[in-house]
Colleague: 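Submitted below is the structure of interest, expressed as structure tokens.
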Number of protein chains: 2
Amino acid sequence: MTITIKDVAKKANVSIATVSRILNNKPGYSKETEKKVLEVIDELGYHPNSIARGLISKRTHTIGVLLPKISSMLMNEVIRGIEDTTHQNGSSVIVCHTESNGQKTMQYLQLLKDKQVDGIIFTSERLKEEYYQFVKKMEKPMVLLSTESYDFSIPFVKVNDQHAAYTATEYLIKKGHRNIGMISGNPEDQVAGQPRINGFLQAMNNYQIPVSHEHVVSEDGFSFEDGLKAFPRLIRQHPDLTAIFAASDEIALGVISAAYEMNIKVPDQLSVIGYDNINIAQMSIPPLTTVAQPLYDMGEKATEMIFEMIEKNQTVESRIFSHQVVERKSVKDLNKE
Amino acid sequence: MTITIKDVAKKANVSIATVSRILNNKPGYSKETEKKVLEVIDELGYHPNSIARGLISKRTHTIGVLLPKISSMLMNEVIRGIEDTTHQNGSSVIVCHTESNGQKTMQYLQLLKDKQVDGIIFTSERLKEEYYQFVKKMEKPMVLLSTESYDFSIPFVKVNDQHAAYTATEYLIKKGHRNIGMISGNPEDQVAGQPRINGFLQAMNNYQIPVSHEHVVSEDGFSFEDGLKAFPRLIRQHPDLTAIFAASDEIALGVISAAYEMNIKVPDQLSVIGYDNINIAQMSIPPLTTVAQPLYDMGEKATEMIFEMIEKNQTVESRIFSHQVVERKSVKDLNKE
DNA sequence: TTGTACGCGTTATCAT
DNA sequence: ATGATAACGCGTACAA
């Protein structure tokens, strides 16, 4: 038998109301009874049932996170930021892998609604009208993470992808490179695809280096395999390339492996810069230079925003995190020759 | 306003009891009323509130997972197996990172109790008496994953670590290696530490190859950095080593990177075999040969076991998964010279 | 300061 | 086949 507030009340010779007040710091009890009740609670090892609590208070101390089909390594740090922060706030999180599948996403949203989550963090994917409407009906706060909506006004946390891609490209240029190619993710991806391509093109243009769209090659996604497959195509088209900007670290590692297979030395014959700065960036040979997103911090911030919205019942300001290139050893400085 | 079973009942001109029966396939209603009610439900877009449901049914359709401080890349696949399976069963999971901290673990156990999870999956760490007693009082089923308890009789899912380590070492030996070193995790780790060392030693002994304990070097954990730091120490002690068995893939990558720094060619001058077969094993240069654990399947199986215990209210048989070496390119065959 | 009683949304028991 | 109602464990308005 689980022990309830009634048991405590009985044993302490008070009403359940009093126990409840003490539990929730609501005024209306004397120091004496508080002490007495606290003792009994301790003695019985009583803990309130959060289910019952949630039923009445409308707060379940649970938040939902929607994740699309992208690198688990990438999301790992983000999720850690979210989970740590959530638990620090005495709540827990339900993680949902939507696989970027609309139907699955709706199913998960329904699950989150059934479970009465207090808020939702929607990640790394375009927020479709359908999703938005559903959440709106739930009347629960939502924040966007690593994505942004132009259709609906929802607070978000992200890095400026175009700017970061610009920075990466510019870094290459400043190291003396002129023949630069890019391997992007899916160009139809409005959040991590096109903007990074734009940033690349913009940098090249700004430095008045001729580029065509043939300089950017793309596969479906951002994976190691995508890099592995895309690199040979790119290098065959442009054998004179001295540097490559990869739209993700995994792609970059794929490029490095493919280059190794083709007997092209990195960074001596080919420089590579990545994007994300996930764990594996340090593990490659040579260690990967990359533009870093503060993944953990972004997860943390998004979570803090959700809690602020939940508790103050008002909206909150979006936050753009700054990126930063992390220099390791995959880019050669052509100026030093 | 959220719409409840009452709204459905009212609109369908029946009692809430009838609606509830239809919702739960309890006998006691006619085809007609069923149709009518189902229509109304659809029309209103009604979904039962799982919180209220959980309050009375004592099932929350939530399970808890306890994770220690180990490679997030490793646990990633396991977690995916758990989450997928859980969601397929209409439940969701609360993931708790204990950091291998006893106090934190107890806090999380308390959280899981408060949230009334239906069951607990305890992972990759020794089950302390304190944890066991707590869960026992909860009267909820538990299964062990990648760990095993000799003190308490709890169903588990794992690979035979000693045997797998034996297999890895034997693989090296069969490729003609005799001077073999090992970089292990923490030897005091009773689940992934000592057993793997034992397996290594056992293989060497069985093939009558002299080894001392100096052939195995260990750092605190199983990380890339551990491998990075341990390798130079090991190779200085035994400059004649031709092969290394690393107790994890991350350690193995650390070894490869360290070897690269020291200008030692893998696999030409040094062969390396890993353990786990996580994603990054294919990304290294050269791609890593390793002994694979069926991580996703293990997560899946543990989850199925938990659900069986929950639903049939009885215990269940443990399961030892078989391991398998995945040949890539980090081990040289000395017989082919 | 303290207690009584109702309600949260659902399932289960007992009538009808 | 169906409905009224207690119960799940807790918070809170209201009364005392």
Side-chain angles (χ1 to χ4, degrees), chain A residues 1-38 40-41 44-62 90 110 113-118 138-140, chain B residues 1-38 40-41 44-62 90 110 113-118 138-140:
Chain A
M1 297 299 100
T2 57
I3 93 167
T4 79
I5 197 173
K6 276 186 193 168
D7 303 316
V8 176
K10 192 174 297 174
K11 186 149 187 175
N13 286 319
V14 296
S15 71
I16 63 168
T18 299
V19 178
S20 178
R21 289 188 190 102
I22 293 172
L23 248 29
N24 299 287
N25 296 314
K26 303 278 181 189
Y29 51 86
S30 66
K31 274 292 172 201
E32 296 174 67
T33 51
E34 174 177 18
K35 182 166 177 256
K36 172 77 179 173
V37 167
L38 254 23
V40 173
I41 286 178
L44 260 38
Y46 165 75
H47 279 267
N49 178 328
S50 66
I51 302 296
R53 223 172 209 182
L55 184 57
I56 183 163
S57 71
K58 297 299 184 193
R59 276 204 63 177
T60 55
H61 293 275
T62 305
Q110 185 62 59
K113 181 182 176 186
D114 293 349
K115 292 236 170 177
Q116 314 269 85
V117 295
D118 300 331
M138 283 176 64
E139 297 179 325
K140 300 289 180 185
Chain B
M1 299 297 102
T2 57
I3 93 165
T4 79
I5 197 173
K6 278 186 193 169
D7 302 316
V8 176
K10 193 174 298 174
K11 185 148 188 175
N13 286 317
V14 296
S15 72
I16 61 171
T18 299
V19 178
S20 179
R21 288 188 191 101
I22 293 173
L23 248 28
N24 298 287
N25 294 315
K26 305 276 181 190
Y29 52 86
S30 68
K31 274 290 172 201
E32 296 173 68
T33 50
E34 174 179 18
K35 182 167 176 258
K36 172 75 179 175
V37 168
L38 254 22
V40 173
I41 285 178
L44 260 39
Y46 165 75
H47 278 266
N49 179 328
S50 65
I51 302 295
R53 225 172 208 182
L55 183 57
I56 184 161
S57 71
K58 298 299 182 192
R59 275 204 61 177
T60 55
H61 293 274
T62 305
Q110 185 61 57
K113 182 181 176 187
D114 293 348
K115 292 237 170 177
Q116 313 269 84
V117 295
D118 299 332
M138 284 177 64
E139 297 179 326
K140 300 289 180 185

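Here the structure is a predicted model, which is why all the values come from computation and not from measurement. First the proteins, then the strands, lettered A, B, ... as listed; each starts at 1.
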Colleague: May I ask you to say what Thr33(B) touches in the nucleic acid, namely base, sugar-phosphate or nothing, with a heavy-atom cut-off under 4.0 Å?
Modeller: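 It contacts sugar-phosphate atoms only.
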Colleague: Partners of Lys113(B) by side-chain contact (heavy atoms from CB on, under 4.5 Å), sequence neighbours excluded?
Modeller: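 Here the qualifying residues are Gln110(B), Phe134(B), Met138(B).
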Colleague: Which atom pair, heavy atoms only, marks the closest approach of Ser15(B) to Ala9(B)?
Modeller: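 So the two residues come closest at C-CB, 3.8 Å.
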Colleague: What range of DNA chain C does chain A touch, first nucleotide to last, counting atoms under 4.0 Å from its heavy atoms?
Modeller: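 That gives a stretch of dT1(C) to dG9(C).
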Colleague: Do you know the tightest heavy-atom contact between Tyr29(A) and Thr33(A)?
Modeller: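 Looking at all heavy atoms of both residues, the closest pair is CB-OG1, 3.9 Å.
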Colleague: Quick check on contacts: within residues 21-30 of chain A, what sits under 4.0 Å from DNA chain D by heavy-atom distance?
Modeller: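 Of all residues in residues 21-30 of chain A, the ones placing a heavy atom under 4.0 Å from DNA chain D are Arg21(A), Asn24(A), Lys26(A).
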Colleague: For Ala12(B), enumerate each residue passing the side-chain contact (heavy atoms from CB on, under 4.5 Å) test, keeping only those at least two apart in sequence or located in another chain.
Modeller: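 Per chain and number, Ala12(B) pairs via side-chain contact (heavy atoms from CB on, under 4.5 Å) with Val14(B), Lys36(B), Val37(B), Val40(B).
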Colleague: With the threshold set at under 4.0 Å for non-hydrogen atoms, list the residues of residues 55-62 of chain A touching DNA chain D in residue-number order.
Modeller: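 When residues 55-62 of chain A is checked for heavy atoms under 4.0 Å from DNA chain D, the hits, listed by number, are Ile56(A).
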Colleague: I'd like to check the side-chain contact (heavy atoms from CB on, under 4.5 Å) partners of Ser20(B); sequence neighbours left out, ordered by chain and number.
Modeller: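 For Ser20(B), the residues satisfying side-chain contact (heavy atoms from CB on, under 4.5 Å) (neighbours in sequence not counted) are Ile5(B), Asn24(B).
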Colleague: Using a heavy-atom cut-off of under 4.0 Å over every strand shown, decide if Ile51(A) touches base, sugar-phosphate, or nothing.
Modeller: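 It contacts nothing in the nucleic acid.
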Colleague: If the condition is side-chain contact (heavy atoms from CB on, under 4.5 Å), which residues does Thr62(B) pass it with, not counting sequence neighbours?
Modeller: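 Residues passing side-chain contact (heavy atoms from CB on, under 4.5 Å) with Thr62(B): Lys115(A), Thr60(B), Ser92(B), Ile94(B), Val117(B).
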Colleague: First contact, last contact: which nucleotides of DNA chain D are these for chain B, 5' to 3', heavy-atom distance under 4.0 Å?
Modeller: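 Contact boundaries, 5' end first: dA1(D) to dG9(D).
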Colleague: Calculate, to the nearest 0.5 Å, the distance between atoms NE2 and OG1 belonging to His47(A) and Thr4(A) respectively.
Modeller: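 Output value for this atom pair is 14.0 Å.
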Colleague: So if I take the C1' atoms of five pairs at each end of the helix from dT1(C)-dA16(D) to dT16(C)-dA1(D) and get each local axis, what angle do the two axes make, rounded to 10 degrees?
Modeller: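 Both end axes considered, the difference amounts to 40°.
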Colleague: From Arg53(B) CZ over to Leu23(B) CG, what is the distance, rounded to the nearest 0.5 angstrom?
Modeller: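 That separation rounds to 5.5 Å.
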Colleague: With sugar-phosphate meaning primed atoms plus P, OP1 and OP2, does Asn13(B) contact a base, only sugar-phosphate, or nothing at under 4.0 Å between heavy atoms?
Modeller: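 Touches sugar-phosphate only.
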Colleague: Between Thr18(B) and Val19(A), name the one whose nearest nucleotide on DNA chain D is closer to the 5' end.
Modeller: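 Nearest-nucleotide comparison on DNA chain D picks Thr18(B).
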Colleague: Would you indicate whether the side-chain heavy atoms of Ile51(A) and Leu55(A) approach each other to under 4.5 Å?
Modeller: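 Heavy-atom side-chain distance check fails, nothing below 4.5 Å.
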Colleague: Applying salt bridge (Lys or Arg N to Asp or Glu O under 4.0 Å), name anything that partners Lys26(B), two or more places apart in sequence or on another chain.
Modeller: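 None.
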Colleague: Are any non-hydrogen side-chain atoms of Val8(A) and Leu44(A) less than 4.5 angstrom apart?
Modeller: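 Sidechains of Leu44(A) and Val8(A): in contact.
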Colleague: Using salt bridge (Lys or Arg N to Asp or Glu O under 4.0 Å) as the criterion, list what pairs up with Lys6(B), not counting sequence neighbours.
Modeller: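 Result, salt bridge (Lys or Arg N to Asp or Glu O under 4.0 Å) vs Lys6(B): none returned.
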Colleague: What residues form a salt bridge (Lys or Arg N to Asp or Glu O under 4.0 Å) with Asp118(A), not counting sequence neighbours?
Modeller: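 Arg59(A).
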Colleague: Salt bridge check, Lys35(A) against Glu32(A): does any charged N sit closer than 4.0 Å to a carboxylate O?
Modeller: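 No salt bridge links Glu32(A) with Lys35(A).
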Colleague: Do Ile22(A) and Leu38(A) come close enough that some side-chain heavy atom pair is under 4.5 Å?
Modeller: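 Yes, their side chains come closer than 4.5 Å.
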